[in-house]
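Chain naming here is simple, since letters A, B, ... match the order of the sequence lines and numbering starts at 1 in each.
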Amino acid sequence: MLKSMSISEDHLISLITSSTAKPHLRQIHAVLLRTSLIKSSDIFHHFLSRLALSLVPRDINYSRRVFSHRTNPTLSHCNTMIRAFSLSETPSQGFLLFSSLRRKTFPPANPLSSSFALKCCIKSRDLTGGLQIHGKIFRDGFLSDSLLLTTLMDFYSTFENSNDACKVFDEIPERDTVSYNVLMSCFLRNKRTRDVLYHFDNMIKNGSVNKPDGVTCLRALQACSSLGALDFGKQVHAFIDENGLGGALNLSNTLVSMYSRCGDMDKAYEVFGEMRERNVVSWTAMISGLAMNGFGREAIEAFEEMLKCGVSPEEQTLTGLLSACSHSGLVDEGMMFFERLKSGEFNKMKPNLHHYGCVVDLLGRARLLEKAYSLVESMEMKPDSTIWRTLLGACRVQGNVELGERVISRLIELKAEEAGDYVLLLNTYSSAGRWEKVTELRSLMKEKRIHTKPGCSAIEVEQGKVHEFIVDDVSHPRKEEIYKMLEEINQQLKIAGYVAETASELHNIESEEEKGRALTYHSEKLAIAFGILVTPPGTTIRVTKNLRTCVDCHNFAKFVSRVYDRVVIVRDRSRFHHFKDGFCSCNEFW
DNA sequence: CTAGGGTTAG
């Protein structure tokens with residue numbers, strides 16, 4: 001009798017651990033109840049794990065029922081259930097279960113329980129609950145459990161508290177690659193991109209312990225993307241290849257995106273071309289990259305190629321495609337894709353806020369402002385501040401004061417107005433020649449204590465040597481040479497037909513007010529002049545700017561590219577401009 | 001039961 005029981009027990013366990021489908025598990029459940037084998041703690045554990053964690057699709061309610069029928073659950077049973085809650089749509093239930101451990105018939109918690117409960121708090125965005133758990137971890141003396149502390153770091157990182165996340169990191173007794181990765185994710189989430197690169201560097205230098213893995217490289221690449229750090233990105237790329245991590249699809253996709261966001265489309269194409277397989281994310285990265293760099297035709301070609309390959313687009317793919325059309329002034333094409341999107345041609349997908357944003361931008365650039373406005377009014381979802389801001393940008397380009405005022409009042413209604421919005425309105429007034437309005441708005445801004453961000457441009461001349469400039473910067477050690485260079489450039493450009501047009505653009509309010517200076521120099525002009533000064537002829541000049549570039553500087557760069565025979569690549573707040581032979585890849589100004 | 005993870009308007 002006993003012997004036959006034990007055979008069926010083994011048999012049952014192997015049945016349990018190999019099943020993931022609900023009907024299958026229901027049958028097993030029936031057998032367990034009938035034979036009373038459910039009372040065995042071990043079998044119950046296997047069954048619950050399967051049901052709660054491996055069932056596809058998951059059924060948290062079924063798991064909860066099974067768990068609540070257990071009379072004396074062990075800690076493993078409870079932990080499995082807490083983990084299941086952390087993965088479910090009702091993560092707060094997991095925290096409740098954790099809180100009741102040691103009470104009632106439950107055993108006291110161990111580090112694993114705390115770790116799963118923290119995950120519940122992360123998912124349900126329960127800050128107080130997580131802080132309670134941290135206190136309990138401290139009282140329980142679990143502060144030496146590396147796995148638990150790594151999860152705790154992730155908790156602080158989710159609540160944008162990178163300082164406390166770092167403190168926890170310092171306490172971890174045995175840091176492994178995963179703890180480093182969580183730290184890097186934390187920095188990335190909290191905009192501390194330079195810290196990501198610093199740690200990546202350290203991990204390489206430290207040798208064999210905590211060697212970067214695929215995830216580490218992914219994070220480093222994302223940091224390079226947001227910094228525009230092309231050289232560092234290339235180093236990470238080299239590391240990936242040297243360590244045989246290159247085959248991973250997600251890494252290749254991130255590489256394509258990184259090169260695009262650093263303005264190196266040749267390298268982006270190269271990586272994309274060498275990929276063994278490409279999914280919709282790869283195509284989306286490529287299309288968005290081309291869009292951001294002003295290669296609208298190529299983006300459309302890539303989209304069509306993708307359809308030919310039988311890959312279905314996602315929402316982000318259409319976002320990239322539509323933004324490609326707007327950046328390159330391809331109005332008819334853009335509207336055609338938008339119509340196709342609305343008709344449900346792409347998997348019955350409907351336009352989202354991003355899509356509308358692109359189309360508003362597209363119409364705005366095509367001087368179809370009223371059409372853009374009525375499109376916003378006709379949207380089935382509530383327009384967000386960004387949509388209004390896009391429209392405001394279009395008003396600025398055309399000097400449409402009346403609509404501009406309407407739009408800013410919508411932004412004020414939403415309580416979402418920013419300093420940049422007032423600058424846009426200010427420039428709308430000035431390009432329409434409404435100087436009395438300019439003065440009025442300026443004093444209003446002073447009253448409201450609205451401070452604008454000064455324009456700032458950076459240029460990397462030697463490896464890793466970055467020089468930063470602000471408007472009319474006089475702090476650079478070589479300022480005299482730079483200003484002399486600028487004067488010379490201005491003269492050369494004038495001969496070639498360049499006419500300075502500085503009156504309509506008021507980036508920096510403070511400096512505009514202190515009159516008396518004949519000419520002000522936006523930061524990108526200073527950076528470009530410095531680039532010409534210190535790099536050998538023919539070198540590509542790469543400049544990164546924190547704001548949008550203005551008409552005059554755009555024009556200036558076009559002329560520089562022809563007169564000095566240089567490729568000039570300017571990275572805007574939102575995109576790239578590739579200047580060559582007097583032309584720019586974009587169609588932003590005319 | 002063993003942490004972390006691809007693309008995304010302006």
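- The residue A:Gln222 sits close only to the backbone: its heavy atoms come under 4.0 Å of sugar-phosphate atoms, none of a base.
- Within the nucleic acid shown, A:Leu112 comes within 4.0 Å of at least one base atom, counting heavy atoms only.
- Here A:Asp154 lies in heavy-atom contact (under 4.0 Å) with sugar-phosphate atoms only.
- The ring of A:His77 has its center closer than 6.0 angstrom to the ring center of A:Phe44.
- Pairs of residues two or more places apart, or lying in two chains, that qualify as side-chain hydrogen bond (donor to acceptor under 3.5 Å, both in side chains) and include a residue from residues 282-299 of chain A are A:Asn253-A:Ser282, A:Asn279-A:Ser282, A:Thr284-A:Thr317, A:Asn293-A:His578, A:Arg297-A:Glu333.
- Remark: the A:Asn253 side chain and the B:dG6 base include a donor-acceptor N/O pair separated by less than 3.5 Å.
- Among the heavy atoms of the strands lying under 4.0 Å from A:Arg261 are primed sugar atoms or P, OP1, OP2 only; no base atom is included.
- Among the atoms of the strands shown, only primed sugar atoms or phosphate atoms (P, OP1, OP2) are found under 4.0 Å from some heavy atom of A:Leu218.
- Contact annotation for A:Ile287: no contact, since no heavy-atom pair falls under 4.0 Å across all strands.
- Residue A:Leu249 is classed as a base contact, given a heavy-atom separation below 4.0 Å to a base.
- Listed by chain and residue number, A:Arg389 satisfy the salt bridge (Lys or Arg N to Asp or Glu O under 4.0 Å) test with A:Glu418 (two or more places apart in sequence, or in another chain).
- Every residue was checked against the ring-ring contact (aromatic ring centres under 6.0 Å, His included) condition with A:Tyr373, not counting sequence neighbours, and none meets it.
- Checking the phosphate oxygens (OP1, OP2) of B:dG10, a side-chain nitrogen or oxygen of A:Ser326 falls inside 4.0 Å.
- At a threshold of 4.0 angstrom between heavy atoms, the contacts of A:Phe116 include nucleobase atoms, whether or not backbone atoms are also involved.
- The side chain of A:Asn79 sits closest to B:dC1 out of B:dA9, B:dG6, B:dC1.
- Residues meeting the salt bridge (Lys or Arg N to Asp or Glu O under 4.0 Å) test with A:Glu277, sequence neighbours left out: none.
- Nucleic acid contact class of A:Asp421 (heavy atoms, under 4.0 Å, all strands): none.
- Heavy atoms of A:Arg83 sit under 4.0 angstrom from primed sugar atoms or phosphate atoms, though from no base atom.
- Scored by the salt bridge (Lys or Arg N to Asp or Glu O under 4.0 Å) test, A:Glu380 finds no partners at all (sequence neighbours excluded).
- A:Ser288 comes within contact range of the sugar-phosphate backbone alone, with a heavy-atom separation under 4.0 Å but no base atom that close.
- Distances shown here put every side-chain N or O of A:Gln316 at or beyond 4.0 Å from the OP1 or OP2 atom of B:dG6.
- Among the heavy atoms of the strands, none lies under 4.0 Å from A:Ser49.
- A donor-acceptor pair under 3.5 Å is absent between the side-chain atoms of A:Asp145 and the main chain of A:Pro111, judged by distance alone.
- At the heavy-atom level, A:Arg573 lies nowhere under 4.0 Å from the strands shown.
- Taking a 4.0 Å limit (strictly below) on heavy-atom distances, residues 41-48 of chain A does not reach DNA chain B anywhere.
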Exercise for the section: Assess whether salt bridge (Lys or Arg N to Asp or Glu O under 4.0 Å) is satisfied between A:Lys545 and A:Asp572, documenting all intermediate values. Expected result: CA-CA 5 Å; A:Lys545 177 161 190 190; A:Asp572 235 12; over 6 Å; no
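- Within the structure, a side-chain polar atom (N or O) of A:His327 is placed less than 4.0 Å from OP1 or OP2 of B:dG10.
- Among the heavy atoms of the strands lying under 4.0 Å from A:Val182 are primed sugar atoms or P, OP1, OP2 only; no base atom is included.
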